[in-house]
A.B. asks: 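Have a look at this one before I ask anything.
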Amino acid sequence: GMHEVDPVELLALAARRFERAHPGRVLEPAWPGELPRIHANFDGLARALDNVLDNAAKYSAPERPIRLTATVTADALELAV
């Protein structure tokens, strides 16, 4: 279901899972220490983020870092890999 979600917690979890799943790959986290809470399905969002990060690892050169960013816009929180 939908809940108040702390994006920093979500991103940190995704980063830890990525580092466990892809040892040797460099993940560059880029987000501010605090982000506005969002109304979202935490588990669904976590799975989607894991999938995108896994694909980034699978389809990019092994020596290239993978960057995970979060940007606050006027009316949204944008996550990018």
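One is the number of the first residue; the rest follow in order along the sequence.
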A.B. asks: Can you find a pair of side-chain heavy atoms, one from Ile66 and one from Phe18, that are under 4.5 Å apart?
C.D. replies: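 Answer yes - side chains close enough.
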A.B. asks: According to side-chain contact (heavy atoms from CB on, under 4.5 Å), who are the partners of Pro65, at least two apart in sequence or on a separate chain?
C.D. replies: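 Counting only residues at least two positions away or on another chain, Pro65 forms a side-chain contact (heavy atoms from CB on, under 4.5 Å) with Val26, Glu28.
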A.B. asks: For residues 24-53, which residue pairs pass the ring-ring contact (aromatic ring centres under 6.0 Å, His included) check, not counting sequence neighbours?
C.D. replies: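 Qualifying pairs, neighbours excluded: none.
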A.B. asks: Minimum heavy-atom separation for Pro7 and Pro36, please, with both atom names.
C.D. replies: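 Nearest pair, atom of Pro7 first, then Pro36: CG-O, 3.2 Å.
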A.B. asks: Quick one, Leu11 and Pro29 - any side-chain contact, counting heavy atoms below 4.5 Å?
C.D. replies: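 Sidechains of Pro29 and Leu11: no contact.
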A.B. asks: Any side-chain heavy-atom pair from Asn41 and Val5 closer than 4.5 angstrom?
C.D. replies: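 The answer is no, as the side chains (C-beta and beyond) never meet within the 4.5 Å cut-off.
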A.B. asks: Using the test salt bridge (Lys or Arg N to Asp or Glu O under 4.0 Å), find all partners of Arg37 that sit at least two apart in sequence or belong to another chain.
C.D. replies: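 In terms of salt bridge (Lys or Arg N to Asp or Glu O under 4.0 Å), with neighbours along the sequence ignored, Arg37 is linked to no residue.
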A.B. asks: Starting at CG of Asp6, measure out to CD1 of Ile38 and round the result to the nearest 0.5 Å.
C.D. replies: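 One gets 9.0 Å once the value is rounded to the nearest 0.5 Å.
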A.B. asks: Not counting sequence neighbours, which residues clear side-chain contact (heavy atoms from CB on, under 4.5 Å) with Ala48? List them please.
C.D. replies: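 None.
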A.B. asks: For Glu19, check side-chain contact (heavy atoms from CB on, under 4.5 Å) against everything at least two apart and list the hits.
C.D. replies: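 Testing Glu19 for side-chain contact (heavy atoms from CB on, under 4.5 Å), a comparison that skips the adjacent residues, returns Leu27.
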A.B. asks: List, by chain and then residue number, the residues other than Tyr59 in its hydrophobic cluster (Ile/Leu/Val/Met/Phe/Trp/Tyr, side-chain heavy atoms under 4.5 Å); write none if there are no others.
C.D. replies: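 For Tyr59, no cluster forms, as it stays isolated from other hydrophobic side chains.
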A.B. asks: Applying side-chain hydrogen bond (donor to acceptor under 3.5 Å, both in side chains), name anything that partners Ser60, two or more places apart in sequence or on another chain.
C.D. replies: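 Scan of Ser60 (side-chain hydrogen bond (donor to acceptor under 3.5 Å, both in side chains), adjacent residues dropped) gives Arg25.
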A.B. asks: Side chains of residues 68-81: which donor-acceptor partners sit under 3.5 Å, not counting sequence neighbours?
C.D. replies:
| from | atom 1 | to | atom 2 | distance (Å) |
| --- | --- | --- | --- | --- |
| Thr73 | OG1 | Ala76 | N | 3.2 |
| Thr73 | OG1 | Ala76 | O | 3.1 |

A.B. asks: Sequence neighbours excluded, which residues qualify as side-chain contact (heavy atoms from CB on, under 4.5 Å) partners of Ala61?
C.D. replies: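 Testing Ala61 for side-chain contact (heavy atoms from CB on, under 4.5 Å), a comparison that skips the adjacent residues, returns Glu63, Arg64.
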A.B. asks: Which residue pairs pass the side-chain hydrogen bond (donor to acceptor under 3.5 Å, both in side chains) test with at least one member in residues 48-57, sequence neighbours excluded?
C.D. replies: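 Passing the test, one end in residues 48-57: Arg17-Asp50, His22-Asp54.
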